[in-house]
Amino acid sequence: QVQLVESGGGLVQPGGSLRLSCALSGFNYDHAAIGWFRQAPGKEREGVSCLSRRDGRQFYADSVKGRFTISEDNAKSTVYLQMDSLKPEDTAVYYCATGDYSYCSLSVTYETNYWGQGTQVTVSS
């Protein structure tokens, strides 16, 4: 079974940092893409970042560019999202996702048929 498990969310003050982890299992994503999405209350789910395993390229939404960094530890089958200089508008549930034919188009990861359950990130004073 394909499993994605997010962790690392929590409450942080504006300007603070968090590192989210996405542990993947049961799926060979060597030629796929892994993305991070977020959804704030009452808002549409949006793509935050995408990592293409095919060519190693990284993509970020304009709103997080320069503040967030996507990375991976392939030996641990884990993808990370380092979030720095967090803002209140970053508050959302963050999800990682991939798929059998997933690919990146800028920050959006398409063909994402496998999702984690999400981890809450709250940025507040």
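Numbering starts at 1 and runs along the sequence shown. Here the structure is a predicted model, which means the values were calculated and not measured.
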* Asked: Got a sec: does the CD of Gln117 have more than 12 other heavy atoms crowding it under 6.0 Å?
  ->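 Counting other residues, nucleotides and ligands, CD of Gln117 stays at 12 neighbours or fewer.
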* Asked: Would the number of heavy atoms belonging to other residues, nucleotides or ligands and lying under 6.0 Å from CZ of Arg54 be above 12?
  ->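 Buried by this count: over 12 neighbours within 6.0 Å.
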* CA sep, side-chain torsions, deciding dist, call: Tyr101, Asn113, side-chain hydrogen bond (donor to acceptor under 3.5 Å, both in side chains) -> CA-CA 9 Å; Tyr101 304 100; Asn113 51 336; over 6 Å; no
* Asked: If you look only at pairs with a residue in residues 6-28, which of them pass as a side-chain hydrogen bond (donor to acceptor under 3.5 Å, both in side chains), with sequence neighbours excluded?
  ->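 Every side-chain hydrogen bond (donor to acceptor under 3.5 Å, both in side chains) pair that includes a residue of residues 6-28, provided the two are not neighbours, is Ser17-Asp84.
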* **Spatial distance of atom SG (Cys50) from atom OH (Tyr110) [nearest 0.5 Å]** =>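 Output value for this atom pair is 10.0 Å.
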* So how far is it from Glu72 CD to Gln58 CD, rounded to the nearest 0.5 Å? ->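 It comes to 8.5 Å.
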* Between Lys65 and Asp62, is a salt bridge (Lys or Arg N to Asp or Glu O under 4.0 Å) present by the stated rule, with each step listed? -> CA-CA 5 Å; Lys65 198 170 298 180; Asp62 289 341; 3.2 Å; yes
* Examine Leu81 and Phe59 and state if one hydrophobic cluster contains both, with Ile, Leu, Val, Met, Phe, Trp and Tyr joined whenever side-chain heavy atoms are less than 4.5 Å apart. =>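 Leu81 does not cluster with Phe59.
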* If Ile, Leu, Val, Met, Phe, Trp and Tyr residues are connected whenever their side-chain heavy atoms lie under 4.5 Å apart, and connections chain through other members, are Phe37 and Leu51 in the same group? -> no
* Between the main-chain N or O of Ala33 and the side-chain N or O of Ser52, is there a donor-acceptor pair closer than 3.5 Å? ->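 No; zero donor-acceptor contacts below 3.5 Å.
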* Could you tell me which non-hydrogen atom of His31 sits nearest to which non-hydrogen atom of Arg53, and how far apart they are? => N-CB, 4.3 Å
* **Exercise: identify the closest heavy-atom pair between Ala92 and Gln120** => O-NE2, 3.4 Å
* Parallel, tilted or perpendicular: ring planes of Trp115 versus Tyr95, cut at 30 and 60 degrees ->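 Aromatic pair Trp115/Tyr95 classed perpendicular.
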* Asked: Among side-chain atoms of Tyr80 and Gln82, is any donor-acceptor pair under 3.5 angstrom?
  -> no
